[in-house]
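For reference, positions follow the sequence shown, starting with 1.
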Amino acid sequence: VPTADLGDEINQSLRFRGNSSLTRTFGTTSTTWTSSLWVKRAALNTNAAGPQQLISFDNGLTQQRFQETDAFLFGDAAISSSLYRDPSAWYNIVCNCNGTAARAFINGVEITDLFSPAPGNRTSGGDTSIGLFSTTELDGYLADVYHIDGQALLPTAFGRTNDDGVWVPVDYSGSFGSNGFHLDFADSSDIGNDVSGNNNDFTATGFDTGDVALYSAKLVSSTGSFFA
């Protein structure tokens, strides 16, 4: 019998489409860190113009994105053999680096087929962008974006497996470090607001602020009108 245990509640997600992005420049970089985010894809390889960007650090030196094939890329060249093609699913992606080697997890499971070549000492901080890097855009939703500076944490800091075998959210309760942040998107008037206590706020660009927040191949979200 399903338990209906959904984990700790995530109240808000943010829709990325086109050139929408969140950006911030940090004065320093780090080689020991953890990031965690939840993503729901809205475009797969069949209708996406290119890779789907999640987050990039240090002016693109360290990236997390879905490739055109729907494989996952971490670092700058490490690509999984596994494909992630369920547009109805929320994926929790946790990546970390301990100063020497990097690891990646999706829904609590380590991507052991990812590293070819293996990313070693990956950086975070510097020029950080969420949802867009260069011309690589995200078409989908993000929620509960965490970055922890100075700690290489396991995904159990952000999620757990319930009795039904489903990975569900856990509210992070640890420290953030100086470049850490938590974006919960709860304030629609300030969607780049960092609620970690560090005030590492992001600049939001290109988001639809119209009352109608609907998207499809033939619907203009800001007006609700259809086009051929």
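- Side-chain contact between Gln151 and Thr32 is absent, with no heavy-atom pair separated by less than 4.5 Å.
- Between the CG atom of Leu83 and the OG1 atom of Thr69 there is a distance of 5.5 Å, given to the nearest 0.5 Å.
- With rounding to the nearest 0.5 Å, the separation of OG1 in Thr136 from CD in Glu68 is 8.0 Å.
- Residue pairs satisfying the ring-ring contact (aromatic ring centres under 6.0 Å, His included) criterion with at least one member in residues 88-111, sequence neighbours excluded, are listed as follows: Tyr84-Tyr91.
- By the 4.5 Å heavy-atom criterion applied to side chains, Gln64 and Ser35 are counted as neighbours.
- The two residues Phe176 and His147 have their closest heavy-atom pair at CD2-O, 3.8 Å.
- Salt bridge Arg41/Asp86: absent, no basic N to carboxylate O contact under 4.0 Å.
- We find the CZ-OG distance between Phe133 and Ser56 to be 5.5 Å, quoted to the nearest 0.5 Å.
- Looking only at side-chain heavy atoms (C-beta outward), Leu142 and Phe16 come within less than 4.5 Å of each other.
- Contact of the Thr62 side chain with the Phe74 side chain is registered, since non-hydrogen atoms from C-beta on lie closer than 4.5 Å.
- By the 4.5 Å heavy-atom criterion applied to side chains, Ile93 and Val39 are counted as neighbours.
- The aromatic ring centroids of Phe57 and Trp33 lie less than 6.0 Å from each other.
- Scanning all heavy atoms of the two residues, the minimum distance from Asp194 to Phe181 falls at OD1-CA, 3.3 Å.
- Thr28 and Asn179 are linked by a side-chain donor-acceptor pair at a separation below 3.5 angstrom, with hydrogens and angles left out of the test.
- The two residues Ile148 and Ser175 make their nearest non-hydrogen contact at CG2-O, 3.5 Å.
- Salt bridge Arg160/Asp8: absent, no basic N to carboxylate O contact under 4.0 Å.
- The CD1 atom of Ile130 sits 4.0 Å away from atom CZ of Phe202, with the distance rounded to the nearest 0.5 Å.
- Cluster membership for Leu54 and Phe207, using ILVMFWY side-chain heavy atoms within less than 4.5 angstrom, is shared.
- Residues Leu138 and Gln52 meet the side-chain proximity criterion, which asks for heavy atoms closer than 4.5 Å.
- Asp144 and Trp38 share no side-chain donor-acceptor pair at under 3.5 Å.
- Between Tyr146 and His182, the ring-plane angle classifies as parallel under the 30° and 60° cut-offs.
- One hydrophobic cluster, built from ILVMFWY side chains closer than 4.5 Å, holds both Phe26 and Leu183.
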Chi angles and distances behind the side-chain contact (heavy atoms from CB on, under 4.5 Å) call for Ile55, Leu37: CA-CA 9 Å; Ile55 187 168; Leu37 56 82; 4.2 Å; yes
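- Asn96 and Thr34 are not linked by any side-chain donor-acceptor pair at a separation below 3.5 angstrom, with hydrogens and angles left out of the test.
- No side-chain N or O of Asp58 forms a donor-acceptor pair with one of Ser124 less than 3.5 Å apart.
- Asp201 and Arg24 make their closest contact through O-NH1, 3.0 Å (heavy atoms, listed as atom of the first residue, atom of the second, distance).
- For the pair Ile10 and Ala143, the tightest heavy-atom approach, listed with the atom from each and the gap, is CG2-CB, 3.9 Å.
- Using a 4.5 Å heavy-atom threshold, the side chains of Pro169 and Asn92 count as separate.
- The two residues Gly180 and Asn200 have their closest heavy-atom pair at O-ND2, 2.8 Å.
- When hydrophobic residues (I, L, V, M, F, W, Y) are linked wherever their side-chain heavy atoms come within less than 4.5 Å, the members clustered with Val166 are Val168.
- In the model, Asp127 has a side-chain atom that pairs as donor or acceptor with a side-chain atom of Thr25 under 3.5 Å.
- Between atom OG1 of residue Thr31 and atom CG of residue Asn121 there is a gap of 4.5 Å, rounded to the nearest 0.5 Å.
- The shortest side-chain heavy-atom distance between Asn193 and Phe185 does not fall under the 4.5 Å cut-off.
- Hydrophobic cluster membership differs between Val94 and Phe72, with clusters built from Ile, Leu, Val, Met, Phe, Trp and Tyr side chains linked at under 4.5 angstrom.
- Taking CG of Leu73 as the reference point, atom CD of Gln53 lies at 8.5 Å (rounded to 0.5 Å).
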Leu14 vs Leu22, side-chain contact (heavy atoms from CB on, under 4.5 Å): CA-CA, chis, key distance, verdict: CA-CA 11 Å; Leu14 180 62; Leu22 295 165; 4.0 Å; yes
